[in-house]
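I have placed the structure first, in the form of structure tokens, so that the comments after it can refer back to it.
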Amino acid sequence: MIGIGIVKGLVQTAKNLIGTYTDKERLVTIEYPEERQPLTEATRQFPFLVYDGDDPMKGLRCTACQICEKECPPKCIYIVKSKDKRVDYKGQNQFYPAIYDIDYSVCMSCQICVEVCPFESIKMDTAFELSTADRFGGLLVNKHQLAKSNTHYHQIHPTEAAASDEAMNLERAKAAAKAKADVEAKAKAAAAKAAATPTASPEASPELPKPAAALPKMPM
Amino acid sequence: MTPLAAYLLVSALLFAIGFAGALTRRNSILVLVGVELMLNAANLNFLAFWRYGPNPEALTGVMFVLFAIAVAAAEAAVGLALIIAIYRHYCSSNVEDVATMKG
Amino acid sequence: MNFIFAILAGLTVGAAFAAMTLRNLVHCALCLTVSLIGLALLYLQLGAEFAGFVQVLVYVGAVAILILFAVLLTRGGEAPVGRITNSLGAGLLVAAAVFGVLAWAIIGSSALKALPKETPQPALLVKAVGDKLMGEFVLPLQGIALLLTAALLGAVVIAMREKSSPAGVAVDSRSATRNP
Amino acid sequence: MASLDQIFVTLKEQLVQLFPAVLQPYVGVLLSIVAIMAVFPGIFALTTVVERKLLARFQNRPGPNRVGIPLTKIRLAGFGQFAADGIKSLTKEDIIPRNADRKVHFIAPFVLVVPAFLALSVLPIGRNMTALDFPETGLLFFFAIGAATELSVFMAGWSSRNKYSLLGAMRGIAQMLSYEIPLILSSLTVVMMVGSLSLVTIVERQTSVQWGFFHSWHVFTPWGFAGFLLFLTAACAEANRTPFDLPEAESELVAGYFTEYSGFKFALFFLGEYLGMFAISGVAISLFLGGWSAPFTFLDWVPSWLWFFGKLFAFILFFIWLRGTLPRLRVDQLMNLAWKFMLPMCLLNLLVVGVWHFTAEWNELLRWSLATVLLAGPYWLFSRSFEARFKPRTYRYAADSPAAPVVAPVAPQVPI
Amino acid sequence: MKGIINSLWLIPALPLLAAGIIALMKRPQRKPAAALAIGSMALAFLVSCVAFVATLQPEAGKGAVQLTHNFAWFDLGGSALRLGWLLDPLTAGMLVMVTFVGSLIFIFSVGYMDHDENLTRFFGFLALFAAAMLGLLIANNLLFLFMCWELVGVASYLLIGFWFHKPSAAAAAKKAFITTRIGDLGFFLGIVWLYHETGTLLFYDNGAGCLEQGALTKLVTQTTVGGMAVSTAISLLLFCGAVGKSGQLPLHVWLPDAMEGPTPVSALIHAATMVAAGVFLVARVFPLMGAATADLGLEGHSPHTTALTVVTWVGACTAVFAALIAVAQNDIKRILAFSTVSQLGYMMLGLGVGGPAVGMFHLLTHAFFKALLFLGAGSVIHGSHHEQDIRRMGGLRKLMPITFAAYAVGMMALAGFPLVFSGFWSKDEVLHAAMIWSPSKLPFLLGLFGAVLTAFYMTRQMWFVFFAPRAESASSPGRAAHSASHHEPQGASSSPHESPRVMTLPLVILAVATVLLSLFATPVWPWFHAYLGGQLDHLQVGWSADSAAGLTMLLSVLAVALGVSASWRLYSRGKAGTDAVERLFPRLFRALQGRLYVDEFYAATVFRLNAAVAVLSDWADRFVWSSVVELAAWLAKGLAWLSRTLDESGINSGFDAGCVETRGAGGFASRLQNGQTQRYLRILGAGVVVLVVAIVWMGNN
């Protein structure tokens, strides 16, 4: 019969109406600026650059290899390589970004840059309140704005950051071992030179780091 | 107090305007609009004569107007249906184009 | 000559004139509506409240909308290009002659002059209208009911889309009319 | 308490007395106009906020609760919203589409708002409080004025040169024309019983005392109850309120016929729609719910206008409630409801009123049961056959083709 | 008891209400619909019985009971349109018959239409049909009677075309509707004329009705064209309606075709309702028909007025004509249909020669046994899986014993087997009245011949259906198509079987009633005459008829014996597969089988005429009207040509100009009619101007 369903529906909504006053649990909305939902660890918004140490510009892990720039689907990353080199965390001499810009208004948060970065240098941030009065310039961020410390990274994604650190430590250890081996090899070579036998080559190959093992295990 | 003649003149003017429209416009809908105006002019006449006539209690004029309005509504419905049917057939609502029945 | 009457008459006649002269059909229909509202107000001036409101209800609420629908259904929404009138001179002449003759008859009528200039406002009671409709005018009322039903059915039948009428037929008949 | 009841009437008289005798009638009219133009838009402003808040509550949300007094921390539970909205719409850019018919586009909102005010003016909002009393034709005036709504909708939709607008307008006109018939037919029942078209008379007739303690509102009779429900449904459709909001249908037609309006003209459309809703609610109150009269005789001391506005608010709340509950109908369902269910029921109700009238001297119980059976039986039959039309749509071609397995294309029915 | 008149409206209202409720029901609600229809009919039967009892006690010295209840239907300003109910023996007898037979047919339908998916609709239509017929019976107003009459027509249209998916059924429905409309045109003209002459359409209204002394005297005394009395003319017009409805001679063609409907419908149409309406109409307006002399009473023998003479002759001719055709038909229902036409002819003959009592008694008895026969035929058809051709039946006597017994009773009643069958007495009475009819003896002889034929063809049918050796035709293609079209499961047992009890019970009841009814109008105890005439109080048991009656009885017994024995001899010796009569008179048989080519005759005359008129008007339109203007132009042209030759032969070159002008005038005249509405309107406007000027001018002077 027409009408019964309507009455049932009306009763249901009336329950909602009264329920929201008597039972605050019913209200699904959070009063946002005052109350906030704790962000989950999996939250990802836009990329940022990680630096170690205290000085953002000096500790920047980025080596301006430009892989992220090439891989970025919407092409929102712009990198200019520096002319000079400096020592990175592995102790190797690397370029660093003279300019590193990301246009947040174009970025689609796909996280591909993070996936491809071999240097654990670019990560996803959780900040989402990016509103600005200037919709062209305001969302174009440079490397000073992008640089965030490793501590920040640990705060927002603790598990992932730990894994990242571990991987880097491994790299560093390998680099150190390699350096040590190099030194030893040099010493040996010097000794071999002295002995005049070319036996150094088979020992050099296992020292190359395996790329698969080098990549950090992402927690996601 | 407006004299009866004023109403009658307005009615005549309205009639003439409707008539002129019905005579000269090419679109058949506007011919119908002209006819509606003429009908309404007649209605105004009826009411004016009812109001100023010798026997307003008889309500004859009002009755006539009410019936005329009902008939006009029917006429408009059928007329417009005809126009739409003609438009479907001839792809035109121009009165000149519908002359198949000419002698 | 009363001031309000002059305004209403001007509105009615002016709108009617616009309805018959404007180029865009929708504007014409809207002007017709204004003219009909003006007429309804004139009815109120005459003391026929009931007739006036019925006029608004039927004409503005139904007939005007019907005309607008018909305009849109016949693709009359855009202003037509080219000639909008047809033998303008002759038509205007005849219409003017009709008006002239009517006006002459009205002004020259001796019977009208014999009527009293001032009559009391007759009380138009709705109850009286109802009594008349159900008593003296019951047969016309039923006739009107029949007529309206017939008109309704007729309008539906006429305007119903013809099934499977090939497009060629319409084109043919049209070209046939063009070449007498 | 008669003084409180008549306080506005006396106030007006006092004010009018201050003017010279020549001007007095005009001043009286002007005062009424000012009162109407102040009170109802005020209610409108309040309603916009209340509607948003209540709708939110019906959906387990808190609703707007921020805007209060500017530059302070006072929030007023969000009731400052209407001022903010008003200022926003008044200061917004008034955009007219390039191809639009400028004149018609300009006039359309006024054609909606002015008749809405006129329609409000015939309502008896209290004892001796009617701005425009047509002793013979009040209700007819209301319906005649209502015809302008359709015109305005058409003008707005057509002049915008936007297919959504035109579609919305066509839907709107079709809907209003269809539902005007049940609307008028269901109010005719009251006219038949009272024998007058004047809303004032109709309300006064309902103030007579029945069974010692309550006023004989029409809704407390079988035909009145049925007529009230029919009127309510038709009124919902006439006011384009939610189960029947197809002309606006945000999810399909953007905003229907006023898609191309912005700023002040949009606000006018908004205002007009709400005023129309108030007017039609007011008529429903006057026809069926006893107008300004109290439900029980022992509540007569409450001022009459308070009753009227209380009932009006109840109506507004009910409309909001409906909007928070029911989903929108399909066009074919809408038309089926009007022509195949409401029209027969209205005609039947007219018959029942006739029966009621001619069985005045019967035993009350017999008369009641006769009328109830006459209404409820066909209602039951009609709605049984009618429900089939509201079943989930089956797709003929999908079902016919042997290749495609027949899958019910409709989601399982979720209890509301 | 007399108060029944105020609730007489219940009788048609009950089935009408049932029809209305059934109309709202859905297709699967079969049982409630059937129960509602049958229940309403049974209730109507009860009320009818009460009404019947009310008419049994005439007030002393006043003749038959005649109760009326008149009321104003609606006011037309000054005058009012008045309707009313009438209860007199004629109505009461018919009411009881219709409701009784109708109830039985309804019950039968439950079984017969069991397989049809539209049973609900069927019962709705049946109830409507019955309601219309009952309304017709109780009407005290010719207009109300006419309205119900038309409603009967509508309902019959719906029912005959019930299986509208069959083209033949749809065509038959249309044919029935249109053919009866032709008669109704005359009927309606008669009504209008009657109203014009008397100012009332009420039959009895305390002396002011149109069938009462005052009006009749007025009608009789006035004459119209050819010296015919107005009453005669009106009577003949009214009789037109009866001819159409009762399938009399020129308009009988629809009745056999109406067999396309379901068999219960045929039973209802042929027995109780539709065709009886025509006979009832004649009986109802009998005072008008017989109004020629000052003696307007019902007693004694019928007055010999022109109208009644026409009725007599039409009836007699129809009786023989249809009986002849029936001899050669092979469809079981069609034979019965033609026998109905024939029997209706007898009723008309009876009305014409003997007055209402004679005709109505035959109507009543016929209603019972014809319903019995039709239902029996339905049972046969149902039992033999929708086989209707009698040549493919045979031997059903053993297979369907109850049906056989009932059918035999009906057949003997129809054929007029003596003494215990009602048909014998009623037909005998008709023949008796015809025999003593003074103007001519020919109707009597025709009737007697018809009786022979009736016995002949009924025996033929009985033989073919029940006695003949069973023809093996299970695999005939026609039958397969039939059974497929009626949703019969193909693998069902193909041998005929007895029908279910819901179908045989009505048969038995009707058979018993057929026999019992013979008690009511024997010459020994002519109760029915007395009842109709309102003389129950001095009814005596005893031989009340004159000596001619004995002769008539003897003759009719002889006729029956002749018919039966001839038929039996011919057919029982004949070979299977062919018809005995066909072998004897092949050409005649074929003509009869073709129903004497009346349909073809109509096709050749009426339809042709119609087409010819259409062609003629088309021609006139094309060549006369549209060329009038052209003719003017041609005329002008001819003048021009004349003047040119004159000009050439003469000298006047200035004449040229005149010629051109004349041609121009012709062209102008033809150009006037150019299809441009606005130009016509302009001329109209100019005309208005001239008119107004003229009027004002004349008014001022």
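Small disclaimer: the values here were computed from a predicted structure and weren't measured.
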If I take atom [atom1] from residue [X] and atom [atom2] from residue [Y], how far apart are they, to the nearest 0.5 angstrom?
X       : Y       : atom1 : atom2 : result
B/Phe19 : B/Thr24 : CZ    : OG1   : 10.5 Å
B/Thr60 : B/Trp50 : OG1   : CH2   : 10.5 Å
B/Leu66 : C/Phe50 : CG    : CZ    : 6.0 Å
B/Leu30 : C/Leu25 : CG    : CG    : 5.0 Å
B/Arg25 : C/Cys28 : CZ    : SG    : 4.5 Å
C/Gln45 : B/Arg51 : CD    : CZ    : 10.0 Å

Output the option from [options] having the highest count of non-hydrogen pairs under 4.5 Å with chain C.
options                            : answer
B/Val33, B/Val65, B/Val10, B/Ile86 : B/Val33
B/Leu9, B/Leu80, B/Asn43, B/Val71  : B/Leu80
B/Ala5, B/Ala70, B/Ala12           : B/Ala12
B/Ile83, B/Asn27, B/Leu32          : B/Asn27

Closest contact, heavy atoms only, B/Glu75 versus B/Val35
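So the two residues come closest at OE2-CG1, 4.0 Å.
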Does any backbone or side-chain atom of [X] lie under 4.5 Å from a heavy atom of chain B? Answer side chain, backbone, both or neither.
X        : result
C/Tyr59  : side chain
C/Thr21  : backbone
C/Ala16  : both
C/Leu8   : neither
C/Ile158 : both
C/Leu141 : both
C/Leu39  : side chain
C/Val13  : both
C/Ile144 : side chain
C/Ile106 : side chain
C/Ile4   : neither

Just by distance, do the side chain of B/Ser11 and the backbone of B/Ala41 share a donor-acceptor pair under 3.5 Å?
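Yes.
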Could you tell me whether the side chain of C/Ser35 and the main chain of C/Cys31 form a donor-acceptor pair under 3.5 Å?
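Not a single qualifying donor-acceptor pair exists.
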Side chain, backbone, both or neither: which part of [X] has a heavy atom under 4.5 Å from chain C?
X       : value
B/Phe67 : both
B/Ile29 : side chain
B/Leu8  : both

Could you check whether atom OH of B/Tyr87 has more than 12 heavy atoms from other residues, nucleotides or ligands sitting under 6.0 Å from it?
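For B/Tyr87, atom OH is crowded (more than 12 foreign heavy atoms under 6.0 Å).
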Considering the options B/Asn40, B/Leu44, B/Leu14, which one meets the side-chain contact (heavy atoms from CB on, under 4.5 Å) requirement together with C/Leu42?
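Running side-chain contact (heavy atoms from CB on, under 4.5 Å) over B/Asn40, B/Leu44, B/Leu14 with C/Leu42 returns exactly one hit, B/Leu44.
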Step by step, would you call C/Phe5 with B/Tyr7 a ring-ring contact (aromatic ring centres under 6.0 Å, His included)?
CA-CA 9 Å; C/Phe5 170 77; B/Tyr7 282 104; 4.7 Å; yes
Select, from C/Leu102, C/Leu92, C/Thr12, C/Leu32, the one with the greatest count of heavy-atom pairs under 4.5 Å involving chain B.
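Ranked by contacts with chain B, first place is C/Leu32.
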Residue, of C/Ala103, C/Pro140, C/Gly154, that accumulates the most heavy atom pairs under 4.5 Å with chain B:
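Top option by heavy-atom pairs under 4.5 Å: C/Pro140.
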